[in-house]
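Numbers here simply count residues along the sequence, with the first being 1.
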Amino acid sequence: MDIYTSAVNQLKKAITSAIEKAIENGVLPKAEIPLFIIETPADKSHGDFATNAAMAGAKAFHMPPFKIAQAITSNLELSGTMFERFETAGPGFINFFLGTEFYSNVIREILTNPQHYGRSEFGRDEKVMVEFVSANPTGPMHMGNARGGALGDCLAAVLNKAGYNAWREFYVNDAGNQIEKFGCSLEARYLQIYKGDEIEFPEDGYQGADITDLAKEYADINGDKLLDLPSNERKKELVSYALPKNIGKMQSDMEKYKIYYDKWFFESELHQSGAVKAVVDLLTEKGLTYEKEGAIWYKNKQVLTEKLLNEGKTQDYIDNLELKDDVLIRNNGNPTYFAADIAYHKNKFDRGFTTLIDVWGADHHGHVMRMKGAMDAIGYAGDKLNVVLMQLVKLVKGGELVKMSKRTGKAIQLCDLLDEVPVDSARFLFNTREANTQMDFDLDLAVSQDNQNPVYYVQYAHARICSILKALANEGIHPRDCSDNELALLIAPEERELINHLALYTNEIINAAKDYDPTKITRYVTQLATLFHKFYNACRVKGENEGLVQARLALCQCVKAVIKNVLTMFNISCPDAM
């Protein structure tokens, strides 16, 4: 258990014990001890922790909160805890102040095993799959994939740190309607090379220049050998050439972005194994499909209506959702994307993952409820499928919206971004805004090397500490183990505030994992850098008191360790000099 959690638990126990004693000696009437909270006040002059126990007990004890606070504090015993004093405030808040033991323990805990600090067993090694990016392989990856990649990868890192067994997966949609459309588009562009405008391009085809480039590339290598083939064979040949190239480019872009998946899962595997047909058969066995106009439909409306009614939703609420049934098998015999998606999520559970996390674009909002419902329908836990919906990202340069790449004159792709912006900046900046908020990605900020750039600011704090340690080493001053008396010298407000923040790290990791929000950690480490610079400006590391010098060196080492811990976890470089 980390020091912060130990302190909170000590405080809960001391407050509960004080209430019990107050009831025993008749200061408080007999009643069930109410639930109360312990929180950290925004204003540190009000203490390191505060409790609302007195206000929470007003109804149970039929007494004013201030009198309950007096009853609690008159029976409160802090000996054996990491707290040195308390005081009452306002209508009945009780504020608590940490003692030197807490601050010393935080420093010792970090320095004992710097790389391990922040890790917990909160997740109990639960197998969690994080599926993210999963871009359509019929075209290049775009800016939304850049944001989703950073969020998904860093979320998996946070989950691992919090004690989960997180698995990263990319789902490749290499089958179905989009591949058919891909083949038709390639065929049209290929035939246009030899037959010109007499070949019409499909109305719903992929218009991107990448399709034209792939068709030309094939023609340059293989010539006109496909002209006399039947259309289906020609399309198959072109897709067989182009699709692996697109997938290979996706994989190389992800690696350039420092994202390494545990598995690239191909949709075609589901079709070839019979998994898609099997899940449609399963729904049919359960009476949840019907035939209409030659297609097989899933009773989505019925399933979700029953689910929502069981959850206590009104019929009016359900009617406003305008639920509709979904096609599973088209009238041409081909499965829909939805059928394959049900089979894929079933496959995830069948591989032993007990919690599934999908990072999707916000335009998939309507797909969330029906996919959860489908999991319930086939006998799996729909509530164990969690979807992080990600809002749009806009590129901004010089205060203006950027839509086209200067280099290519085309829509900006992930590879364009990584050519222009350092990977460290991209990974960090995309994790500064929560997924459910729209984001402006400032290209000028991303390439700047000053304190306005958050990742530079954090990296500079680490480099600054390395410089301090190096300069002192040149003077023969090296860090050593500190005594309790030496660590007790760290009493300046800037020192205490910094140590308090260091103590929160493990808890912040757990909260980020619980909320599926890695941006909590980028905010945490940015604040850590701010508090370090504040400490550095207020407290001289080198001074006349050798014991205080060593205590401050120990504090610097702790900050350095935690910054490196965060940046390494997020696969961001951590330079010793800048």
Side-chain angles (χ1 to χ4, degrees), residues 134-142 170-251 264-281 283-284 289 291-298 326-344 347:
S134 296
N136 193 325
T138 57
M141 289 190 284
H142 52 72
F170 190 115
Y171 181 52
V172 184
N173 307 126
D174 65 331
N177 194 48
Q178 71 273 13
I179 298 300
E180 177 65 27
K181 190 191 295 186
F182 184 51
C184 290
S185 305
L186 286 166
E187 180 187 40
R189 293 305 186 205
Y190 175 80
L191 292 175
Q192 284 175 349
I193 293 171
Y194 300 100
K195 299 185 178 183
D197 292 340
E198 71 178 79
I199 303 297
E200 287 188 21
F201 192 79
E203 197 173 304
D204 63 343
Y206 293 121
Q207 298 280 353
D210 56 292
I211 298 291
T212 303
D213 293 342
L214 284 165
K216 184 177 184 305
E217 194 176 288
Y218 181 90
D220 288 344
I221 297 170
N222 299 286
D224 63 359
K225 73 174 191 176
L226 300 182
L227 287 180
D228 296 329
L229 288 180
S231 176
N232 63 325
E233 291 184 26
R234 184 162 49 237
K235 286 186 288 190
K236 183 178 178 181
E237 175 69 19
L238 287 166
V239 169
S240 295
Y241 173 80
L243 194 60
K245 282 189 165 291
N246 279 1
I247 293 170
K249 181 66 166 61
M250 284 176 157
Q251 291 172 330
W264 288 70
F265 190 103
F266 292 85
E267 182 187 343
S268 55
E269 295 175 22
L270 295 170
H271 295 277
Q272 291 162 7
S273 68
V276 179
K277 181 181 183 301
V279 84
V280 175
D281 290 344
L283 287 167
T284 300
T289 67
E291 287 192 36
K292 177 184 171 184
E293 298 173 354
I296 297 176
W297 293 69
Y298 162 61
D326 289 290
V327 176
L328 296 175
I329 306 292
R330 297 184 182 89
N331 56 16
N332 62 5
N334 292 332
T336 61
Y337 178 84
F338 183 51
D341 216 16
I342 297 172
Y344 176 48
N347 174 279

What I'd like to find out is whether the side chain of [X] reaches to under 4.5 Å of the side chain of [Y], using heavy atoms alone.
X	Y	value
Ile342	Leu328	yes
Tyr206	Asn136	yes
Pro137	Asn173	yes
Asp204	Lys181	yes
Gln251	Ile247	yes
Arg234	Leu191	yes

Considering residues at least two apart in sequence or located in another chain, which fulfil the side-chain contact (heavy atoms from CB on, under 4.5 Å) criterion with Lys235? Glu180, Cys184, Glu187, Ser231
Those residues that, when tested against Ala242, pass side-chain contact (heavy atoms from CB on, under 4.5 Å) (two or more places apart):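 Counting only residues at least two positions away or on another chain, Ala242 forms a side-chain contact (heavy atoms from CB on, under 4.5 Å) with Phe182, Leu186, Leu214.
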[X] and [Y]: which non-hydrogen atoms are nearest, and at how many Å?
X	Y	result
Ile199	Lys195	CG1-CB, 3.7 Å
Tyr194	Tyr190	CD1-O, 3.5 Å
Val276	Pro335	CG1-CB, 3.7 Å
Glu200	Gln192	C-NE2, 4.4 Å

Side chain to side chain donor-acceptor pair (under 3.5 Å) involving [X] - partner list, sequence neighbours excluded:
X	value
Thr336	none
Asn334	none
Asp326	Arg370
Asp197	none

Please step through side-chain contact (heavy atoms from CB on, under 4.5 Å) for the pair Met250 and Val172, ending with a clear verdict. CA-CA 10 Å; Met250 284 176 157; Val172 184; 5.6 Å; no
side-chain hydrogen bond (donor to acceptor under 3.5 Å, both in side chains): which pairs involve residues 265-279, sequence neighbours left out? Asp174-Ser268, Glu267-His271, Lys277-Asp281
For Tyr171, all residues meeting ring-ring contact (aromatic ring centres under 6.0 Å, His included), sequence neighbours excluded: Tyr344
Contacts of type ring-ring contact (aromatic ring centres under 6.0 Å, His included), residue Tyr298, not counting sequence neighbours: Phe338
Name all residues meeting the salt bridge (Lys or Arg N to Asp or Glu O under 4.0 Å) criterion together with Lys292; count only those two or more places apart in sequence or in a different chain, and write none if there are none.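 Lys292 satisfies salt bridge (Lys or Arg N to Asp or Glu O under 4.0 Å) with no other residue.
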Distance-only criterion, 3.5 Å: show the donor-acceptor pairs between side-chain atoms of residues 218-229 and protein atoms not counting sequence neighbours.
residue, atom, partner, partner atom, Å
Tyr218, OH, Glu237, OE2, 3.2
Asp220, OD2, Lys216, NZ, 3.1
Asn222, ND2, Tyr218, O, 3.2

Backbone of Ile296 reached by a side-chain donor or acceptor of Thr289 within 3.5 Å: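 Not a single qualifying donor-acceptor pair exists.
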Could you check Met141 against Lys249 for side-chain contact (heavy atoms from CB on, under 4.5 Å), going step by step and ending with a plain yes or no? CA-CA 9 Å; Met141 289 190 284; Lys249 181 66 166 61; over 6 Å; no
